[in-house]
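Down below is the structure, laid out as structure tokens.
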Protein chains: 2
Amino acid sequence: MFSQSEENYLKAIYHLSAISDKGISTNSIAEKLETKASSVTDMIKKLSEKKVVVYKKYHGVHLTEEGSKIAANVIRKHRLWEVFLVDKLNFSWDEVHDVAEQLEHIKSPKLINQIDALLGFPTHDPHGDPIPDKDGNLKTIDKSLLSTLSKNEKGICVGVDDSSSEFLQFLDRKGITLGKQIKVLEREDFDDSFSILIDDKKLSISKKIANNLYIKKT
Amino acid sequence: MFSQSEENYLKAIYHLSAISDKGISTNSIAEKLETKASSVTDMIKKLSEKKVVVYKKYHGVHLTEEGSKIAANVIRKHRLWEVFLVDKLNFSWDEVHDVAEQLEHIKSPKLINQIDALLGFPTHDPHGDPIPDKDGNLKTIDKSLLSTLSKNEKGICVGVDDSSSEFLQFLDRKGITLGKQIKVLEREDFDDSFSILIDDKKLSISKKIANNLYIKKT
DNA sequence: ACCTATTTTTAGACAAGTCTAAAAATTATT
DNA sequence: AATAATTTTTAGACTTGTCTAAAAATAGGT
């Protein structure tokens, strides 16, 4: 059995692994969890003894098969709860994260499977992130950051990289939601901003926004 | 903000207060929470500093107004989650307790209010216990233990005192569920057992069962 | 290859919550 | 009212998870 703290570390390492795929550094974990590097070292030792991470001093960690499964399962729960909150309890996509952070640690296989069924076995959470299946597998879809699109390319908005409530509320105000069609009208080289077409309206998008919005090209 | 542990102590004191109404003893709390008296003393000191209990050494504790509200709110959450599990997720009444023990500590007023609404503002949980309202008030209904009924009295089964899964499953096997009509056919004086009529069938009920089943007389 | 800057680990401390064993207070018994 | 039994509290220790400050290892620049 793993404590909430241990689960949070596994989850952090799992997320970091998706980007870098080599040894995950102590500092990067500390930053992600807003804690101190020394605390990370301590926890890593414990997780290593429990065989859920492989640890070589000064060279970072990576998850074992088992660690990866546990992390994926926590993420599965987090994302299913997010869908539940939005679909069944009228939460908006910018309100769900903190509550899901709590709910993801509830231990009851039946509970999460029933939630899954109640929701109709969703494949993605309200931010467009894929939901791992019971075995921890997740199918990634082919998506690109808006910032990587060229002039005249178009696609459908399928996800966000940053899911802070500030960013999500910003998108709401601009009328940008998942599923919307977006076309790049112009890329401005001097500030990397974009001019896009959404709902037949022209919109100016800063570099920062373009770096946090995922598009599935069509 | 109160920790899970603090909430559990407040809940225990709240439940014990319903029976005894004078100072709640250290030992009774320890027994309810399956912990040691020394741990209880420590926690009581902390809760006392936080002004949620009144504590006089060697003379037990009682909840303050605020402590009582916090406890009632935890119980409210526990019971609403139980209803949710049974009504929406196909849990049976003997499966909900342990999961609700976890869910009751989730901190999100919006979450629990939306759950409340989704369930249609239920007044009782699956075991017949009343659900406190948002202000911590709970209306008790007039119910009697089956063991207090006399021959030929009848009523409706409205609750259980012991909600262990063993007892609940036993009731299931006997076909005794909330809402059923029960009539006392006979009281056997030598072993305090009962002969009752339920669903037009005669059933023999031991003293122990009769002491754990609540009936609303009709 | 050496020196410096950065990262990581160690060592020691602390808070929360728990425990055991012993001391103190209360309650019950005669 | 004195003594015995029970309850409660204290004292000290342990675990988990965290921190700060210092030491050790690694990585980078010339």
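Naming: A, B, ... by sequence-line order, numbering from 1 per chain.
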What nucleotide among C:dT9, D:dA27, D:dC19 has an atom nearest to a side-chain atom of A:Lys36?
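So the side chain of A:Lys36 is nearest to D:dC19.
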If you check every side-chain atom of B:Met43, which of C:dT26, C:dT18, D:dT18 has the closest atom?
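Per side-chain heavy atoms of B:Met43, the pick is C:dT18.
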Can you tell me how the ring of B:Phe167 sits relative to the ring of B:Phe170, calling it parallel under 30°, perpendicular over 60° and tilted otherwise?
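Correct class here is parallel.
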Mind telling me whether B:His127 and B:Trp93 have parallel, tilted or perpendicular rings, with 30° and 60° as the class edges?
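The rings of B:Trp93 and B:His127 lie parallel, inter-plane angle below 30°.
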Give the rounded distance in Å between these two atoms: [atom1] of [X] and [atom2] of [N].
| X | N | atom1 | atom2 | result |
| --- | --- | --- | --- | --- |
| A:Ile44 | C:dT7 | CD1 | P | 15 Å |
| B:Leu47 | C:dA16 | CG | C1' | 13 Å |
| A:Glu34 | D:dC19 | CD | P | 11 Å |
| A:Leu33 | D:dC19 | CG | C1' | 15 Å |
| A:Tyr9 | D:dT16 | OH | P | 14 Å |
| B:His59 | D:dT8 | NE2 | C1' | 10 Å |
| B:Asp42 | D:dT8 | CG | P | 15 Å |
| A:Asn8 | D:dT16 | CG | P | 17 Å |

Quick check: do A:Asn113 and A:Lys110 have side-chain heavy atoms less than 4.5 Å from each other?
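They are not in side-chain contact.
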Do B:Tyr58 and B:Thr26 have side chains that approach each other closer than 4.5 Å (heavy atoms only, starting at C-beta)?
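No. Closest side-chain heavy atoms not under 4.5 Å.
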Phosphate OP1/OP2 of [N]: any [X] side-chain N/O under 4.0 Å:
| X | N | value |
| --- | --- | --- |
| B:Ser5 | C:dT18 | yes |
| B:Tyr55 | D:dT9 | yes |
| B:Tyr58 | D:dT10 | no |
| A:Ser3 | D:dT16 | no |
| A:Asn27 | C:dT6 | no |
| B:Thr35 | C:dT18 | no |
| B:Lys57 | C:dA24 | no |
| B:Thr41 | D:dT9 | yes |

Pair of N/O donor and acceptor under 3.5 Å linking C:dT20 base with B:Ser38 side chain
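Side chain to base: pair found, below 3.5 Å.
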With DNA chain D as reference, determine whether A:Gln4 or B:Gly60 sits nearer its 5' end, using the nearest nucleotide of each.
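Closest to the 5' end, via its nearest nucleotide, is B:Gly60.
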Under 3.5 Å, is there a donor-acceptor pair linking the side chains of A:Asn8 and A:His105?
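Their side chains do contain a donor-acceptor pair, which is all the 3.5 Å distance test asks for.
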Any chance the side chains of A:Glu95 and A:Ser92 put a donor and an acceptor closer than 3.5 Å?
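Note: A:Glu95 and A:Ser92 side chains meet the donor-acceptor criterion.
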Mind checking A:Lys45 for me? I need base, sugar-phosphate or nothing, with any heavy atom below 4.0 Å counting as a touch.
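Counting heavy atoms under 4.0 Å across all strands, the contact made by A:Lys45 is with sugar-phosphate only.
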